[in-house]
Every structure is written in C-alpha cells, then in structure tokens.
2 protein chains.
Amino acid sequence: MTLEASLVTAGTASQILDVAERLVQTRGYNAFSYADIAAELEITKAALHYHFRSKAVLGDVVLERYTRRFFEALANIPSWDPAPARLARYVDLYRAVLRADRLCLCGILAAEYQTLPTPMREAVLEFFDRNEAWLEEVLRDGIAAGSVRANEPVHDSARLLISGLEGAMMLARARGDIDRFDRSAERMLADLTA
Amino acid sequence: MTLEASLVTAGTASQILDVAERLVQTRGYNAFSYADIAAELEITKAALHYHFRSKAVLGDVVLERYTRRFFEALANIPSWDPAPARLARYVDLYRAVLRADRLCLCGILAAEYQTLPTPMREAVLEFFDRNEAWLEEVLRDGIAAGSVRANEPVHDSARLLISGLEGAMMLARARGDIDRFDRSAERMLADLTA
DNA sequence: GTCTATAAGTAGATAGAC
DNA sequence: GTCTATCTACTTATAGAC
C-alpha cells in the first residue's frame, strides 16, 4: 500500500470501523454501543452519527469491509497450489483471527442472527455462501488431482469444514486455548485429504 | 413425571425460567430483557425481581437447569448400547434443540462469552467439560469394540464433534435449514465410526 | 467534521403498599 | 407474591452552533 493510500484509509471513518469491527468480533453486535467507540477514539457520539447515521448502517459497513478483505486474502492464495496447501492457507486465515483474540465476524453474527437488521442478515449469509463456493472449487481440484478424498457432495464437505472451524473458534476462544483450535483444524484437514 | 411433580414445577419461577431459556437460546443473553419476559407472562418487572434478584442470577439458574436436564437426557442413553448408537443419540439431542428453532444454550453463550458474568462463564465451560468427558468414554468403548476408528487422542475427537455440532447448529439456524445440520452430523459420525 | 445539548426510549433494579 | 411508582444509568439518535 502506498503512503497516499494509507492516508486515505486513516481517516476518522476508518478508525471507527476498526474499533467497531474489533468490538463486534470480541463482544458481539448487541453488546457494544456508540459510547464505547466514542470513548476509545475520544470523540463524541454525535461525531459517530455524522459518519454512520445509525448502528445498523455501521454494522452493515463493518460487515461489507470484513467480507471484502477476507476474500481479498483468499484471492491471494495461488490457484495453482495443491488443494491441501490451499485448505491449510484457508485455515490460517481463521487462526489469525483467533490469535488476535477475536471470533470470525460472521461466526459471532450467526449466533446473534435473529436480532440483526435484515441487511446484516443477508450479508452474513452471503459471506458463508462465498466461502462454500471457494472451498468447493478447491475440493473439486483436489479430488481430480487425487489429493483430496472423493467424498460427495463437495458442498457438504465445504459446509462441514466451515461449521467445524466456526465452532472450534468459539470454544477455543472461551477457553483462551488456541491449541484446541489447531488440533481440531488438523483433524478436519486430515479427514478431508487422501 | 407425576401430576404432583408437574404441579411443583408449574409455579411462576419455572415459567420465568422457561421463557428466559427460550429467549437466550433464540436471541442471546444480551438481547433479551426483564421487560420481554414480563410482557409474555403478563406480570411486572418487579415480580420478576422478586423471583430472580438480578439478570445475572436468572442467567445462572437458566444455565444450571439446562445443564442438569441435558445430562439427565444423556444418562438415559443405555451404556450397554453400541458406541455408534450412543453417538447418534447424542446428536439427536442437538437436533431436537434445533428443531425447536433454538441454539444450544451453551453454544450461544460461548459466542457471548466475553460479556457474561463470571459464574455464567464457569458454568458454560463446565457444560462443555462434561460433554467431552461423556463422549470420551463412549469413544473409548467404541474403539475397544472395534466400532469406532482408533483416532487418538479421544479428547480431540470429542472436542471436534462438539465444535462441529455447535457450528453446524448456528449456520443451519441462520439458514432455517435443519437438513444442513443433519448432513453435517452424518458426515461427522461417519468419520468417527469404523 | 466535531461539538454541546437534548430528546425519547429502554435497561436493570428498588421501595413500599396491598 | 404481585403491584405501582420511581430511580439511575444507559441506549440510539437529532438539532443546531462553531
């Protein structure tokens, strides 16, 4: 990133998004307030409302940015790498979140799903749809190359991996034990590969 | 349950617990209020405070009752049944919760973990510890009988199953698609059994 | 773009009558 | 055991000055 680009994203709006994102990932959407963000950034709640009209809008923008960045990171995994290596890189993304003492944004929002504004609900489902689609392609590549077990249908394999990672993150975070997540992830990858 | 026993548990306190339990399982601990329960039972918030001094106490009692009932249900699974059958019965308990459009109480509380009062945090961890212990015993029985794959250590297998079920419930509930849960659960059981 | 001030509502919780 | 009434604190959100 160039200096200019970093300055562009260093404005108040992006600082607000940074704090809001962290608060959702650690406490959940229903357990943080504009007051929390205002206190941390040493601005007023009114200033927050200037940048994000409502909490629902803020939540939606946080979600959109998180999803964009997540799939940018996925796009950086070379499609010519062997499927098991790509799956390991996928798991690495989750582990990095957990190492920052956070949950997957969409994981914690899935738990709060019934209380979310409609646009946020749709964005959460879209995040998981796109995850499934990415994993399905990797799994199909791996099956064709003989490096992934030929369990069908692949969308069930993809969903099981996503569910397992989300669940493992929640339980590992409650324990403060990243090792648990690692061992669960290893087992899942081993079950998938041939 | 006898008529007398059902009358004993039909008091206001137990009605409050019923409503609170459902609200936590559907919306989460941070997204329900005394006002919600009071409105549903057509009593006042003050009456609620008579039965449960604070929301933290109510949450703790809900958690205690849920855990007690869950392990009573587990205790009803005959220990002489084959391990795969016992694992299927275990999964049935989760499915029944999902069919009632709820999440596992401790699953949703794990997502909210960082915002919970300390006694509730401890009760959540204890719930999962006891789940692990029950599963480990079943898995060891199955390995000895040759009906369960000899993956070691068994506590990793137990944890992976719990994580997978909790994650699958969250994602299936968001979709309103119980079938997803069933297919994930089937795969997990198939991966465990020989 | 940020502030002060304030609105209008809800949160959990308590005192005291009945 | 339930009520009315009330409290304090906090929630999201807006108006208008600078």
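Letters go in sequence order (proteins before strands), and every chain restarts at 1.
Between B:Asp18 and B:Arg65 a salt bridge is recorded (basic side-chain N to carboxylate O distance below 4.0 Å). Using a cut-off of 4.0 Å between Lys/Arg side-chain N and Asp/Glu carboxylate O, B:Glu132 and A:Arg180 are scored as salt-bridged. Using a 4.0 Å cut-off between charged nitrogen and carboxylate oxygen, A:Glu126 and A:Arg121 do not count as a salt-bridge pair. A salt bridge is defined here as a Lys NZ or Arg NE, NH1 or NH2 lying under 4.0 Å from an Asp or Glu carboxylate O, and B:Glu21 with B:Arg102 meets this definition. Ion pairing between B:Asp177 and A:Arg159 fails under the 4.0 Å rule for side-chain N and carboxylate O. A salt bridge links B:Asp141 with B:Arg86: the distance from a Lys NZ or Arg NE/NH1/NH2 to an Asp or Glu carboxylate oxygen falls below 4.0 Å.
The distance between atom CD1 of A:Ile37 and atom P of D:dA13, rounded to the nearest whole Å, is 12 Å.
Protein chain A contacts DNA chain C over a range whose 5' and 3' limits, counting nucleotides with an atom under 4.0 angstrom from a non-hydrogen atom, are C:dG1 to C:dT4.
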Restricting to nitrogen or oxygen on both sides, can you table the protein-nucleotides 9-12 of chain D pairs closer than 3.5 Å?
{"residue": "D:dT11", "atom": "OP1", "partner": "A:Ser33", "partner atom": "OG", "Å": "3.3"}
{"residue": "D:dT12", "atom": "OP1", "partner": "A:Lys55", "partner atom": "NZ", "Å": "3.3"}
{"residue": "D:dT12", "atom": "OP2", "partner": "A:Tyr34", "partner atom": "N", "Å": "3.2"}
{"residue": "D:dT12", "atom": "O4", "partner": "A:Lys45", "partner atom": "NZ", "Å": "3.4"}

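When each of B:Ala46 and A:Ala56 is assigned the nucleotide of DNA chain D bearing its nearest heavy atom, the one mapping closer to the 5' terminus is B:Ala46.
The cationic atom of A:Arg130 (NZ for Lys, CZ for Arg) lies less than 6.0 Å from the six-membered ring centre of A:Phe71 and within 45° of the ring axis.
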Using the side-chain contact (heavy atoms from CB on, under 4.5 Å) rule, take B:His51 and B:Thr12 through it: C-alpha gap first, then chi angles, then the decisive distance, then the call. CA-CA 8 Å; B:His51 292 281; B:Thr12 304; 3.6 Å; yes
